[in-house]
Number of protein chains: 2
Amino acid sequence: MKILITNDDGIYAQGIDELVNFFLKKEAKVYVVAPDRERSASGQAITLHSPLRAQKVTKWEKAISWAVDGTPTDCVKLGLAELVDDSIDMVISGINIGPNLGTDVLYSGTVSAAIEGAVSGVPAIAISLVSADNIDFSYSANVAYRFAKLMYNNNVPKDTLLNINVPDGEENKIKGLKYTVLGQVRYKNPFEKRKDPRGKHYYWLSGERNQDVSNRQSDVYAISKNFVSVCPIHFDFTNYRLLEIIKDWK
Amino acid sequence: MKILITNDDGIYAQGIDELVNFFLKKEAKVYVVAPDRERSASGQAITLHSPLRAQKVTKWEKAISWAVDGTPTDCVKLGLAELVDDSIDMVISGINIGPNLGTDVLYSGTVSAAIEGAVSGVPAIAISLVSADNIDFSYSANVAYRFAKLMYNNNVPKDTLLNINVPDGEENKIKGLKYTVLGQVRYKNPFEKRKDPRGKHYYWLSGERNQDVSNRQSDVYAISKNFVSVCPIHFDFTNYRLLEIIKDWK
């Protein structure tokens with residue numbers, strides 16, 4: 001397996017380090033193209049108005065690696081088109097610290113990088129650990145590896161894309177795995193309004209996460225019950241149901 | 001109709017100016033919350049790591065307006081949650097200069113702002129003019145207005161979201177309107193590799209647009225034949241087809 005690994009927490013984050021080392025241990029051929037600093041919540045942003053630089057990084061002895069001063073999506077585009085002189089079997093993005101569930105995947109740099117892989121014709125996985133502290137990435141790395149092997153062995157279509165979230169806590173508390181649909185995540189009071197030292201107002205995005213766990217098929221439900229969530233996503237955003245309705249307008 | 005208008009070309013762009021003036025002329029109640037400068041290709045990026053400022057703008061006498069130092073998605077979030085003290089019936093994003101078709105909508109700040117409206121429970125329209133010069137926005141503004149009225153009068157579901165593209169050229173050359181699905185847009189040679197004055201390499205995103213017009217239902221086909229394209233989109237990215245397949249894995 002020849003893998004391109006990226007993330008949105010930046011190339012020096014612990015999550016990508018453990019992911020790379022796990023795949024190297026399993027004798028995958030690993031290339032890394034990742035942002036040179038944290039670029040979370042980048043969505044599918046790309047850099048049009050300024051050039052990109054790619055710096056070779058010697059962080060991993062056996063993985064050819066570049067740090068790029070762009071977004072996660074830039075990294076995948078540049079990696080596949082220019083930097084990596086090899087045919088890549090799979091793009092893997094992560095391991096992200098924190099969940100990428102439900103409607104939040106819209107904003108996620110981690111998931112967007114995986115989408116970019118699939119758009120470019122390379123099957124992809126986004127992997128996130130629903131945790132903020134006490135971080136042990138080894139189980140998540142193993143899950144990513146298992147699904148990479150499954151996708152590789154099943155010779156999946158090139159647009160195949162899995163969004164995987166692993167629950168927080170001890171491995172022996174994880175109840176199993178659920179194949180899920182994207183759920184609903186909303187935020188109450190999304191901004192804090194504050195005053196700066198000169199008395200002028202500013203706003204800072206924050207908000208209380210409000211997950212709807214009523215849909216038992218959903219990724220948010222699976223995580224709330226300590227299951228690994230594996231959600232297949234795609235990038236045909238056509239609303240076919242609505243298409244049938246609006247055809248009758250006028 | 002109470003409308004929140006935004007864009008990704010920035011609040012001082014001509015496209016948003018003509019859109020705002022058209023809706024004001026039709027006696028809509030218009031609020032504007034738009035980026036203080038060009039933020040195209042932002043995707044659904046949001047600003048987490050720095051605060052946002054909103055500056056009141058007196059550009060339009062009858063539209064209460066703010067310029068925000070964030071992304072198009074930030075503008076919609078901040079507008080709906082904090083700035084606008086009114087119940088908004090619809091979010092309209094545009095008029096963008098240039099197409100937002102097929103897989104390119106993934107990167108589009110214009111379309112992402114409209115998606116954010118729908119995610120927040122407000123029906124939305126993204127409107128783009130497929131042109132780079134000789135820009136006459138009046139027909140596009142009229143199309144946006146007609147669909148805003150249709151959505152309003154049909155009392156559409158809150159997650160309704162239309163991506164509208166208007167072909168370039170004289171109004172009398174436009175052949176009509178097609179309800180479409182998202183097509184395929186790919187880029188050949190996506191980067192230019194150049195050398196800076198010190199002899200170091202850099203990369204600039206460019207590439208030749210490669211539209212697949214074989215699908216006659218698609219937005220790219222409609223535009224290639226001089227039809228207005230109206231594509232309903234949604235934000236449930238679950239790949240239900242793939243979900244059925246992977247359930248049999250292992």
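Sequence lines set the chain letters: A, B, ... in the order given, protein chains first and strands last, and positions in each chain run from 1. It should be emphasised that the depicted structure is a prediction, and the values quoted were computed from it without experimental measurement.
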Which answer fits [X], side chain, backbone, both or neither, if we ask what part of it has an atom under 4.5 Å from a heavy atom of chain A?
| X | result |
| --- | --- |
| Arg241(B) | side chain |
| Glu244(B) | neither |
| Leu161(B) | backbone |
| Thr71(B) | neither |
| Thr47(B) | backbone |
| Leu80(B) | neither |
| Asp236(B) | both |
| Glu38(B) | side chain |
| Val105(B) | side chain |

Taking [options] one by one, which has the highest count of heavy-atom pairs under 4.5 Å against chain B?
| options | answer |
| --- | --- |
| Ser120(A), Ala41(A), Gly43(A) | Ala41(A) |
| Leu78(A), Thr73(A), Asn163(A) | Leu78(A) |
| Val230(A), Asn239(A), Asp219(A) | Asn239(A) |

Let me know if [X] has heavy atoms under 4.5 Å from chain B in its side chain, its backbone, both or neither.
| X | value |
| --- | --- |
| Asp159(A) | side chain |
| His49(A) | both |
| Leu177(A) | neither |
| Tyr187(A) | neither |
| Val68(A) | neither |

Taking atom [atom1] of [X] and atom [atom2] of [Y], what is their separation to the nearest 0.5 Å?
| X | Y | atom1 | atom2 | value |
| --- | --- | --- | --- | --- |
| Lys247(B) | Tyr179(A) | NZ | OH | 10.0 Å |
| Leu242(B) | Leu162(A) | CG | CG | 6.0 Å |
| Ile46(A) | Asp104(B) | CD1 | CG | 7.5 Å |
| Ile246(A) | Cys231(B) | CD1 | SG | 8.0 Å |
| Gln44(B) | Gln44(A) | CD | CD | 10.5 Å |
| Trp249(B) | Asn153(A) | CH2 | CG | 10.0 Å |

For the residue pair Arg53(B) and Lys200(A), establish whether any side-chain heavy-atom pair is separated by less than 4.5 Å.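 Yes, at least one pair of side-chain atoms sits under 4.5 Å.
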Heavy-atom neighbours of [X] [atom1] exceed 12 at 6.0 Å:
| X | atom1 | value |
| --- | --- | --- |
| Arg209(B) | CZ | yes |
| Asp196(B) | CG | yes |
| Asp85(B) | CG | no |
| Lys158(A) | NZ | no |

Glu116(A) and Tyr107(B): side-chain donor and acceptor closer than 3.5 Å? yes
Indicate whether any N or O donor in one side chain lies under 3.5 Å from an N or O acceptor in the other, for His234(B) and Thr238(A).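 His234(B) vs Thr238(A): no donor-acceptor pair found between side chains.
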Would the distance check show the side chain of Arg186(B) and the main-chain N or O of Val119(A) forming a donor-acceptor pair, the cut-off being under 3.5 Å?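 Flag set: sc Arg186(B) to bb Val119(A) pair under 3.5 Å.
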Taking the side chain from Trp204(B) and the backbone from Leu48(A), do they hold a donor-acceptor pair closer than 3.5 Å?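 Yes, the answer is positive, given that a donor and an acceptor are paired below the 3.5 Å cut-off.
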If you count heavy-atom pairs under 4.5 Å with chain A, which of Ile245(B), Thr180(B), Asn189(B) comes out on top?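 Top count of heavy-atom pairs under 4.5 Å with chain A: Thr180(B).
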Chain A contacts, top residue of Ser50(B), Pro190(B), Gly109(B) (heavy-atom pairs, under 4.5 Å): Ser50(B)
Minimal heavy-atom distance between Phe191(A) and Asp74(B), with the atoms involved, is CZ-O, 4.4 Å
Taking the six-membered ring for Trp and the single ring otherwise, decide whether the centroids of Phe235(B) and Phe237(A) are under 6.0 Å apart. no
Might you work through the side-chain contact (heavy atoms from CB on, under 4.5 Å) test for Leu52(A) and Leu205(B), ending with a clear yes or no? CA-CA 8 Å; Leu52(A) 292 172; Leu205(B) 197 60; 5.8 Å; no
